Amino acid sequence: MGTGFLEVVTTTALGGLPIAGAKITVFSGDEILYSLVTNESGITETVALEAPPKALTLDVNFEGVPYSVCDVKAEAEGFVTVKIHDVEILDTETSILPIHMSPALEEGEAVDLYTPEHNLVSNEERRMDVPPEMNIPANTRVLSEVIIPEFITVHLGRPDRVARNVRVPFTYYIKNCASHEIFGTWPPASLEANIYCIISLTLNRIFTEWYRARGFNFDITNSTQLDCG
């Protein structure tokens with residue numbers, strides 16, 4: 001077995017304020033591995049966790065899951081308790097887990113969040129396609145110049161399905177896509193090439209107003225079949 005690392009960052013006010021003194025519990029199943037407390041910056045100490053050997057993430061013929069998972073619970077007075085399941089841990093890498101906590105309206109409020117299986121080991125069919133309604137001719141528009149926005153509006157699903165829109169920092173979207181499409185253990189050149197592709201596709205969606213020109217009220221989706229990755 002190898003060793004990966006985990007650091008937890010707790011914030012509120014859309015990430016603008018750190019939550020100091022939050023109680024962080026790291027689980028493996030029902031076993032408590034670590035009990036931590038965030039510092040004045042809302043950050044825990046970095047802890048070590050077992051993970052499959054790094055070499056498995058570089059083996060194209062390996063068909064298993066080359067990372068381990070753990071559950072993380074964050075508790076703080078006056079805030080909704082958050083438990084995140086299946087946090088991925090890679091050998092030699094430090095996973096930084098941001099947990100955004102909302103003020104609680106009543107005592108005992110809690111929410112469970114689930115990390116989806118990594119796209120490289122998921123059995124979900126991967127294909128780049130376009131929903132039929134997207135083929136309807138639209139007035140093609142492009143912005144006057146290529147811009148790198150500070151924030152981007154993301155549709156949490158395919159454009160032809162009802163889902164929430166969220167406004168997130170551009171860099172957050174790119175990092176989120178990359179973390180679901182590549183392993184941080186890959187060689188630097190591979191990481192750079194894949195991240196450049198993700199950035200290029202994202203900027204193309206914004207520059208051409210791909211979705212907005214077709215009547216949608218968002219910039220891009222989180223669908224791996226259409227945009228992310």
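Keep in mind the model is a prediction, meaning the values are calculated, not measured.
- A continuous path of Ile, Leu, Val, Met, Phe, Trp and Tyr side chains, each step under 4.5 Å between heavy atoms, connects I220 with Y172, placing both in one hydrophobic cluster.
- Both L191 and V121 sit in one connected hydrophobic cluster of ILVMFWY residues. Membership requires side-chain heavy atoms under 4.5 Å apart, directly or through other members.
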(message) Before you tell me yes or no, could you show the steps for N165 and T153 under side chain to side chain donor-acceptor pair (under 3.5 Å), namely the whole-Å CA-CA distance, both residues' side-chain angles and the distance that decides it to 0.1 Å?
(response) CA-CA 6 Å; N165 290 345; T153 300; over 6 Å; no
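- A 6.0 Å sphere centred on CG of L156 holds more than 12 heavy atoms belonging to other residues, nucleotides or ligands.
- Heavy-atom contacts from other residues, nucleotides or ligands closer than 6.0 Å to NZ of K23 number 12 or fewer.
- For CD of E109, the number of neighbouring non-hydrogen atoms (other residues, nucleotides, ligands) closer than 6.0 Å is greater than 12.
- In this structure, OH in Y114 is found 8.0 Å from NZ in K83, a value given to the nearest 0.5 Å.
- With I19 as reference, T10 is the one residue of V9, I99, T10 to meet the side chain to side chain contact (heavy atoms under 4.5 Å, CB included) rule.
- Rounding to the nearest 0.5 Å places CD of E7 at 5.5 Å from OG1 of T44.
- In the model, D227 has a side-chain atom that pairs as donor or acceptor with a side-chain atom of Y211 under 3.5 Å.
- Applying the side-chain hydrogen bond (donor to acceptor under 3.5 Å, both in side chains) definition to pairs two or more places apart or across chains, those involving residues 89-101 are T11-H100.
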(message) Working note: F216 + H155, criterion side chain to side chain contact (heavy atoms under 4.5 Å, CB included); need CA distance, chi angles, decisive distance, verdict.
(response) CA-CA 9 Å; F216 296 102; H155 185 67; over 6 Å; no
(request) Apply the test side chain to side chain contact (heavy atoms under 4.5 Å, CB included) to residues R205 and D219: give CA-CA distance (whole Å), side-chain angles for both, the deciding distance (0.1 Å), then the verdict. (result) CA-CA 7 Å; R205 290 289 191 256; D219 300 308; over 6 Å; no
